[in-house]
There are 2 protein chains.
Amino acid sequence: MVTVRDVARASGVSISTVSRALSDPTRVAAATRDRVQAAARELGYEPNRAASGLRSGRTATLGVVVPDLENPYFASVAKGVQARAREHGYGVFVVDIEEDASREAEEVRTLLAQTDGVIVASPRGTDREVRELVERAPRGRAVLVNRRIDGVPSVTADDVAGAARALEHLRALGHRRVAYVGGPETSWSDRMRREGLRRAAGAEGAVDAVDLVDLGVFRPHVQGGYSAADLATGAGATAVVAYNDLVALGVEQRLRERGIAVPGQVSVVGFDDTFVATLASPPLTSVGTDLRAVGAAAVDLLVERLTDPDAVASHVVRPTELIVRASTGTVVA
Amino acid sequence: MVTVRDVARASGVSISTVSRALSDPTRVAAATRDRVQAAARELGYEPNRAASGLRSGRTATLGVVVPDLENPYFASVAKGVQARAREHGYGVFVVDIEEDASREAEEVRTLLAQTDGVIVASPRGTDREVRELVERAPRGRAVLVNRRIDGVPSVTADDVAGAARALEHLRALGHRRVAYVGGPETSWSDRMRREGLRRAAGAEGAVDAVDLVDLGVFRPHVQGGYSAADLATGAGATAVVAYNDLVALGVEQRLRERGIAVPGQVSVVGFDDTFVATLASPPLTSVGTDLRAVGAAAVDLLVERLTDPDAVASHVVRPTELIVRASTGTVVA
DNA sequence: ATGAAAGCGCTAACAG
DNA sequence: CTGTTAGCGCTTTCAT
């Protein structure tokens, strides 16, 4: 193993100069700096993170906790986190809690002890639990994704606006009775999406008011949508908005089986605009956000607070966009 | 921050006893052990990984390099790696090289310097490059997934058998002309899949021999299959085997657009049996492997070699299975 | 601008 | 079975 001592010997300086030349090149004469850096490169020197971390108190590592890496949503967020962290010089510990809310707090705690900061994506606990969990983090070393709690920095998508957009789209196509297939109860996004739909549906009795049928809570997977589809048609809805793309695919699947045309008889809208939206047939109209950007924003927030401990807890709200594809169409009489 | 000293003081023993009681409880009297552990819990002691790593030379961290986390294939492998590593007490650094072969070597090198071992999933470099990259790893601290090189431990799927199975399935359905939509040239799996198909196709002129049409190299995404579909029908194939599920979906998509029934006129088979296979319409017949198990096996291999440096480099070959769904059917005259 | 020296928290000899 | 001590590789005062 090549250490600072080896580099120091090779370049004829002391180990402290090596350390400086490599970490903060401005604090060393240009000539010395070059000599040291050349020696380091030649010897294949790689700083020992454990040692530098022990001394400096920084691990140069971030943690990200996701409910399920196989969910394309979180895969994208994790990808964004990893990429941006790398740009800032941080490595990333990824922890998949397998949708088990009870593991969340424990994993965050462990990660907090071995990283500089943690990103918790779509926390599964209640607001109370999440707040407690995060307040144990000294100086705001935790950032939430998809959950907004006062005093805790977070990155969320503008789901309210996105959902409203979706509803307006459906209204414009003539739909007056729209069903919503809901997601997990602890999902903050679900609450926001509901809210957006409700607001956009308009006052009861208004000329262009839309009847919103809440189908309840379903598993956020294909199966959930498959189970909900019949309820939607039974309720007389001509359009279905689903908690996410997978659920929407489940709805499409069941409708197809029953010979109900999409969008001929029923229109379907998903959320998240993950790549599966384009795989569906018909391809899915979906409310999307740039998920990698969400992950990247969370890293930026964290790094900012790590660098400047006095930074206030800010809430970044990323824009959402309605991507119209073939799964939505006009109402037939 | 709570350190061993605090725990030592609280439990009335020396710091080394604390260290022992916490890491190897057998080397300490039962009563002492309990006292120390209680104190540690009460104080909320979390060992400092940097410090223990610095002293012991172990980082308790593994690295995994994947070409693309958003690819469901690698998401599953990464998930398997993370879960199993956790069971062994290791954290996992995930690095996504964004399908950029030129970043591979550098990332592996960096990772090797800050972890105990590295798993390289589906290396994108040539055999030569991969061998060089891995031989820099002292004492076999690298394991390959989806690439078999002598002397380097690896986990692969039995793609030859899987591909053969797929071809036999098609033959049994009456297909005598089958097209293969190939994947990346540096893909070892692609080579094996080709080989399996070739072998199972049988000797030319045999009664039940199958004509294998090689369509060439395509991008391993939906678009690749979409582009290849017309070539397959143009070549008179009644069945198409695709490099992976996404490619197969692309084939299905294009065929549907052209009004060619699947499986009525053309059957389609994918590889990897990722969750997207079930999303397709019709759902895709696919040759699958338990991808989480692949990741887990890679971790086991690595941990074994980390624990016993004399362990020989073994090659784990995971079984593949043909999952028959609605995208394959009998040939119509 | 550079060097000497201390010490981060822990584990591993070595004593006892 | 337990305590003492040294030191992992690095960063960071404090001198010079």
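The structure displayed is predicted, hence computed values, not measured ones. In what follows, every chain begins at residue 1, and chains take the letters A, B, ... in the order their sequences are listed.
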Undergrad: Rounded to the Å, how far apart are B:Arg58 CZ and D:dG9 C1'?
TA: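 Answer to the nearest Å: 18 Å.
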
Undergrad: A:Gln114 has an atom CD; how far is it from atom P of C:dG9, in whole Å?
TA: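 To the nearest whole Å, that distance equals 17 Å.
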
Undergrad: Which part of the nucleic acid does A:Ser52 contact within heavy-atom distance under 4.0 Å: base, sugar-phosphate only, or nothing?
TA: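 Sugar-phosphate: the residue A:Ser52, judged by heavy atoms under 4.0 Å, touches backbone atoms but no base.
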
Undergrad: Between D:dT2, C:dG9, C:dA5, spot the one nearest the side chain of B:Ala29, thanks.
TA: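 When the side chain of B:Ala29 is considered, D:dT2 is the closest of D:dT2, C:dG9, C:dA5.
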
Undergrad: Could you pick out which residue, B:Ser56 or B:Arg27, lies toward the 5' side of DNA chain D when each is mapped onto its nearest nucleotide?
TA: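 Its nearest nucleotide being more 5', the pick is B:Arg27.
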
Undergrad: Could you state the CG-P distance from A:Asp24 to D:dT12, rounded to the nearest angstrom?
TA: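 Rounded to whole Å, this separation is 10 Å.
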
Undergrad: Going by the salt bridge (Lys or Arg N to Asp or Glu O under 4.0 Å) test, name the single residue among A:Glu104, A:Glu99, A:Glu107 that passes it with A:Arg124.
TA: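 It is A:Glu99; the other options fail the test.
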
Undergrad: What does A:Ser23 touch in the nucleic acid at a heavy-atom separation under 4.0 angstrom: a base, only the sugar-phosphate, or nothing?
TA: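 Here A:Ser23 touches no strand at all.
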
Undergrad: Of the nucleotides C:dT2, D:dT12, C:dC10, which one has an atom closest to the side chain of A:Val28?
TA: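 From the listed options, C:dT2 comes nearest.
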
Undergrad: So if I take every side-chain heavy atom of A:Ile15 and compare against C:dT11, C:dA5, D:dG3, which nucleotide ends up nearest?
TA: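 Looking only at side-chain atoms, A:Ile15 lies closest to C:dA5.
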
Undergrad: Please pick, from C:dG9, D:dG9, C:dT2, the nucleotide with the shortest atom-to-atom distance to any side-chain atom of B:Met1.
TA: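 From the listed options, C:dG9 comes nearest.
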
Undergrad: Roughly, in whole Å, what's the span from CG in A:Asn48 to C1' in D:dT11?
TA: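 It works out to 13 Å between those atoms.
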
Undergrad: In terms of side-chain heavy atoms of A:Leu54, which of C:dA1, D:dT11, C:dG9 is nearest?
TA: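 Among C:dA1, D:dT11, C:dG9, the one nearest the side chain of A:Leu54 is C:dG9.
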
Undergrad: Just how far is it from atom CG of A:Leu133 to atom CZ of A:Arg128, taken to the nearest 0.5 Å?
TA: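 The CZ atom of A:Arg128 is 12.5 Å from CG of A:Leu133, to the nearest 0.5 Å.
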
Undergrad: Check whether any side-chain N or O of A:Ser16 sits under 4.0 Å from OP1 or OP2 of C:dG3, and answer yes or no.
TA: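 Checking C:dG3 against A:Ser16, no side-chain N or O comes under 4.0 Å of OP1 or OP2.
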
Undergrad: Using the rule side chain to side chain donor-acceptor pair (under 3.5 Å), only one of A:Arg84, A:Gln82, A:Arg58 pairs with A:Tyr90; which is it?
TA: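 The passing option is A:Arg58.
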
Undergrad: Report the distance from atom CG of B:Asp6 to atom C1' of C:dG9, rounded to the nearest whole Å.
TA: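 Result: 11 Å.
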
Undergrad: Touch check for B:Arg5, heavy atoms < 4.0 angstrom, all strands: base, sugar-phosphate only, or nothing?
TA: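 The residue B:Arg5 makes no contact with any strand.
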
Undergrad: For B:Arg55 and C:dA12, give me the distance from atom CZ to atom P, rounded to whole Å.
TA: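 Whole-Å distance recorded here is 7 Å.
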
Undergrad: I'd like to check B:Asn146 versus B:Tyr73 (side-chain heavy atoms, cut-off strictly below 4.5 Å). Are they in contact?
TA: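 Answer yes - side chains close enough.
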
Undergrad: Can you measure from CG (B:Leu291) to NZ (B:Lys79) and round to the nearest 0.5 angstrom?
TA: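 One finds 12.5 Å between CG of B:Leu291 and NZ of B:Lys79.
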
Undergrad: Atom CD of B:Glu46 to atom P of C:dG9: distance rounded to whole Å?
TA: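 Rounding to the nearest Å, CD of B:Glu46 and P of C:dG9 are 15 Å apart.
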
Undergrad: Measure CZ/B:Arg49 against P/C:dG9 and give the value in whole Å, please.
TA: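 My rounded result for the distance is 17 Å.
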
Undergrad: Can you tell me if A:Thr17 touches the phosphate of C:dT2, counting only side-chain N or O atoms and a distance under 4.0 Å to OP1 or OP2?
TA: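 Result: no.
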
